[in-house]
Participant: 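Encoded as structure tokens, here's the structure I'll be asking about.
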Amino acid sequence: MKDIIQRKLDSYKARTEQDEENALKEITQEVCLYSLAKSGFFEKAAFQGGTCLRIVYGLDRFSEDLDFALMKPDKNFELAPYLKKTSDLMEAYGYGMEVAGKESADDSVKTRFLKDDSIKKIVTFKHLSDVRKKINIKVELDSNPPLFATDEPKFLDFPTDYSIRCHDPGSLFAGKIHALLCRNFIKGRDWYDFNWYIAERTAPNYELLKAALSQQGPWKNQELSINREWLVSALTDKIQTIPWKQTIEDVSKFLRPEKRQEVEGLWSVDFFLSKTKKLVNKS
């Protein structure tokens with residue numbers, strides 16, 4: 001089973017050390033997903049976030065974290081037992097996963113880390129020279145997600161065939177817009193993903209967005225009338241506050257060289273204002 005990791009890594013045809021490290025992390029994420037599915041995790045939770053967009057829907061950038069949301073709120077849900085089963089199942093592929101971090105019953109977002117320093121010792125690299133650093137995957141679960149997300153089953157085939165549940169593109173877009181409007185730090189991946197959704201002509205799940213904005217952020221507990229006009233106005237205001245040079249630097253390490261050049265040459269206030277005008281209304 002360990003050979004499958006090597007073959008998958010070779011298939012990426014990584015051209016730089018950063019690309020090779022990103023590829024190995026993504027492969028590890030996929031083995032994690034498979035192992036979570038085998039543990040019964042997706043009977044309770046759905047996959048969401050940027051890694052979901054990458055692995056399930058074909059977003060062309062690398063990602064860091066595995067993000068999930070319960071299908072029904074449960075503040076007492078424990079993530080750790082599922083991750084313990086996951087680490088046990090991953091041993092067959094050459095991983096020695098350590099589950100790190102602590103959960104608090106008071107936290108609606110449960111956060112744990114999966115760390116491994118075994119797989120790098122049995123995989124042959126073309127570029128990566130430092131194999132001492134652990135692979136570190138952050139796993140987050142929203143145990144009190146906003147209402148109105150739409151989930152759907154998806155079938156994946158690495159490391160073998162299996163199924164998961166994940167948010168549909170419109171719900172994922174709503175979550176991304178919530179992050180764009182409410183996050184209090186710079187994350188270039190948010191804006192890269194926004195551009196991808198616009199290119200795909202994805203209509204955001206406006207009901208979910210309204211529930212999320214009411215739950216957390218500057219509009220918390222406000223009765224909003226969320227429509228395309230409101231959203232274009234809010235995004236326009238936000239875009240004009242973004243330090244785009246810093247945002248480009250933040251996203252660059254997750255992109256292949258040709259995409260880095262594209263981003264560096266285009267990203268600006270005017271570029272994203274033009275994209276916002278293409279926002280799709282409710283379908």
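The basis for the numbers below is simple: all heavy atoms, side chains too, and nothing from hydrogens, waters or symmetry mates.
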Participant: Does R15 come within less than 4.0 Å of E258, counting only side-chain N to carboxylate O?
Facilitator: yes
Participant: Would you tell me whether E200 and Y57 have side-chain atoms, one donor and one acceptor, within less than 3.5 Å of each other?
Facilitator: no
Participant: Could you give me the CA-CA distance, side-chain angles and deciding distance for W191 and V251, then say whether side chain to side chain contact (heavy atoms under 4.5 Å, CB included) is met?
Facilitator: CA-CA 9 Å; W191 292 100; V251 76; over 6 Å; no
Participant: State whether the number of non-hydrogen atoms from other residues, nucleotides or ligands found under 6.0 Å of E152 atom CD is greater than 12.
Facilitator: yes
Participant: Do D157 and Y34 have a side chain donor and acceptor closer than 3.5 Å?
Facilitator: no
Participant: Contact between K245 and W267 at the side-chain level, heavy atoms closer than 4.5 Å - yes or no?
Facilitator: no
Participant: Testing the basics here: between L24 and K120, what is the closest heavy-atom pair and its distance to 0.1 Å?
Facilitator: CD2-CG, 3.8 Å
Participant: Just by modelled atom types, is the K238 backbone N or O under 3.5 Å from a matching donor or acceptor in the T241 side chain?
Facilitator: yes
Participant: Indicate, with yes or no, if the rings of F271 and W244 have centres closer together than 6.0 Å.
Facilitator: no
Participant: Rounded to the nearest 0.5 Å, how far does CD of Q215 lie from SG of C182?
Facilitator: 11.0 Å
Participant: Looking at Y82 versus F77, is the centre-to-centre ring distance below 6.0 Å?
Facilitator: yes
Participant: How long is the gap from OG1 on T202 to OH on Y197, to the nearest 0.5 Å?
Facilitator: 7.0 Å
Participant: Can you confirm whether F47 sits close enough to H167 that some side-chain heavy atom of one is under 4.5 Å from a side-chain heavy atom of the other?
Facilitator: no
Participant: Any sub-3.5 Å donor-acceptor pair from K110's side-chain atoms to K75's backbone N or O?
Facilitator: yes
Participant: Got a donor-acceptor contact below 3.5 angstrom from the S163 side chain to the K154 backbone?
Facilitator: no
Participant: Looking only at heavy atoms, what is the nearest atom pair of L59 and G50, with distance?
Facilitator: CD2-O, 4.1 Å
Participant: Looking at every heavy atom in both R256 and F62, which two are closest together, and how far apart are they?
Facilitator: NH2-CZ, 3.9 Å
Participant: Please check if atom NZ in K187 has more than 12 non-hydrogen atoms from other residues, nucleotides or ligands closer than 6.0 Å.
Facilitator: yes
Participant: List the atom of L70, the atom of P145, and the distance in Å for their closest heavy-atom pair.
Facilitator: O-CG, 3.2 Å
Participant: Is there a side-chain contact between N205 and L209, using heavy atoms and a 4.5 Å cut-off?
Facilitator: no
Participant: Measure from the side-chain N and O atoms of H127 to the backbone N and O of A14, and report whether any donor-acceptor pair falls under 3.5 Å.
Facilitator: yes
Participant: Are L147 and I177 in one and the same hydrophobic cluster, where Ile, Leu, Val, Met, Phe, Trp and Tyr link if side-chain heavy atoms are under 4.5 Å apart?
Facilitator: no
Participant: Do K133 and E21 meet the salt-bridge criterion of a basic N to acidic O distance under 4.0 Å?
Facilitator: yes
Participant: Does I5 reach the side chain of V31, with side-chain heavy atoms less than 4.5 Å apart?
Facilitator: yes
Participant: Does the pair K259/D19 count as a salt bridge with the N-to-O cut at 4.0 Å?
Facilitator: no
Participant: If only atom types and distance count, is the side chain of E20 paired as donor or acceptor with the main-chain N or O of Y12 below 3.5 Å?
Facilitator: no
Participant: Side-chain contact test, heavy atoms from C-beta onward, threshold under 4.5 Å: evaluate it for I164 versus F155 and give yes or no.
Facilitator: no
Participant: Do the side chains of P159 and Y93 get nearer than 4.5 Å, heavy atoms only?
Facilitator: yes
Participant: Under a single-linkage definition using a 4.5 Å side-chain heavy-atom cutoff for Ile, Leu, Val, Met, Phe, Trp and Tyr, are V109 and L181 assigned to the same hydrophobic cluster?
Facilitator: no
Participant: Step through the shown structure and confirm whether more than 12 heavy atoms of other residues, nucleotides or ligands are within 6.0 Å of CD on E229.
Facilitator: no
Participant: Does the side chain of T247 pick up a donor-acceptor pair with the side chain of D250 at under 3.5 Å?
Facilitator: no
Participant: Counting only N and O atoms by type, is there a donor-acceptor contact under 3.5 Å from the side chain of S87 to the main-chain atoms of K84?
Facilitator: yes
Participant: Give a yes or no on whether I135 and I4 share a hydrophobic cluster (residues Ile, Leu, Val, Met, Phe, Trp, Tyr; joining criterion: side-chain heavy atoms under 4.5 Å apart).
Facilitator: yes
Participant: Residues in ring pair (Phe, Tyr, Trp, His ring centres under 6.0 Å) with W196, at least two apart?
Facilitator: none
Participant: Show your reasoning for whether side chain to side chain contact (heavy atoms under 4.5 Å, CB included) applies to L279 and L231.
Facilitator: CA-CA 9 Å; L279 188 68; L231 187 52; 3.4 Å; yes
Participant: With the side chain counted from C-beta on, respond yes when Q216 and K220 share a heavy-atom pair under 4.5 Å apart, and no when they do not.
Facilitator: no
Participant: Before accepting this row, confirm whether a basic side-chain N of the pair D193/R189 lies closer than 4.0 Å to the acidic partner's carboxylate O.
Facilitator: no
Participant: Counting distance only, does the side-chain N/O of D67 pair as donor-acceptor with the main-chain N or O of L141 below 3.5 Å?
Facilitator: no
Participant: With no hydrogens and no angle check, do the side chains of E26 and N22 hold a donor and an acceptor under 3.5 Å apart?
Facilitator: no
Participant: With rounding to the nearest 0.5 angstrom, report the CG to CD distance, L273 to Q240.
Facilitator: 5.5 Å
Participant: Taking everything shown except E43 itself, do over 12 heavy atoms lie less than 6.0 Å from its CD?
Facilitator: no
Participant: Please enumerate all residues that pass salt bridge (charged side-chain N to carboxylate O under 4.0 Å, His left out) together with D190, with sequence neighbours excluded.
Facilitator: K176, R183
Participant: Quick check on the hydrophobic clustering: are V56 and F68 connected, directly or via other members, by side-chain heavy-atom contacts under 4.5 Å?
Facilitator: yes
Participant: Tell me whether the centres of the aromatic rings in Y192 and F254 are closer together than 6.0 Å.
Facilitator: no
Participant: Atom CZ of F125 and atom CG of L9: how far apart are they, to the nearest 0.5 Å?
Facilitator: 6.0 Å
Participant: Output yes when a side-chain donor or acceptor of R112 lies under 3.5 Å from a complementary backbone atom of G101, and no otherwise.
Facilitator: yes
Participant: Looking at E140 and K138, does any basic side-chain N land under 4.0 Å from a carboxylate oxygen?
Facilitator: yes
Participant: In sequence, state the C-alpha distance, the side-chain angles, and the governing distance for K72 and K44, and then conclude on side chain to side chain contact (heavy atoms under 4.5 Å, CB included).
Facilitator: CA-CA 7 Å; K72 293 182 180 179; K44 302 284 187 179; over 6 Å; no
Participant: Any side-chain donor-acceptor pair under 3.5 Å between S143 and D74?
Facilitator: no
Participant: Between H178 (side chain) and A212 (backbone), is there a donor-acceptor pair under 3.5 Å?
Facilitator: yes
Participant: Where do K278 and R228 come nearest, in terms of heavy atoms and distance?
Facilitator: N-NH2, 4.3 Å
Participant: Applying the side chain to side chain donor-acceptor pair (under 3.5 Å) test to Y95, which of T86, D116, T28 qualifies?
Facilitator: T28
Participant: If you measure from SG on C32 to CG on L114, what distance do you get to the nearest 0.5 Å?
Facilitator: 5.0 Å
Participant: Does N281 form a side chain to side chain contact (heavy atoms under 4.5 Å, CB included) with Y206? I'd like the steps, not just the answer.
Facilitator: CA-CA 9 Å; N281 209 343; Y206 283 91; 4.1 Å; yes
Participant: To the nearest 0.5 Å, how far apart are CG in D142 and CD in Q48?
Facilitator: 6.5 Å
Participant: Does the pair E98/K134 count as a salt bridge with the N-to-O cut at 4.0 Å?
Facilitator: yes
Participant: Quick one, E223 and K210 - any side-chain contact, counting heavy atoms below 4.5 Å?
Facilitator: yes
Participant: Take atom NZ in K253; do more than 12 heavy atoms of anything else shown fall under 6.0 Å from it?
Facilitator: no
Participant: Check whether R54 reaches the backbone of S63 with its side chain - one donor and one acceptor, N or O, closer than 3.5 Å.
Facilitator: no
Participant: Hey, any chance F272 and I198 share a hydrophobic cluster, counting ILVMFWY side chains that come within less than 4.5 Å of each other, even indirectly?
Facilitator: yes
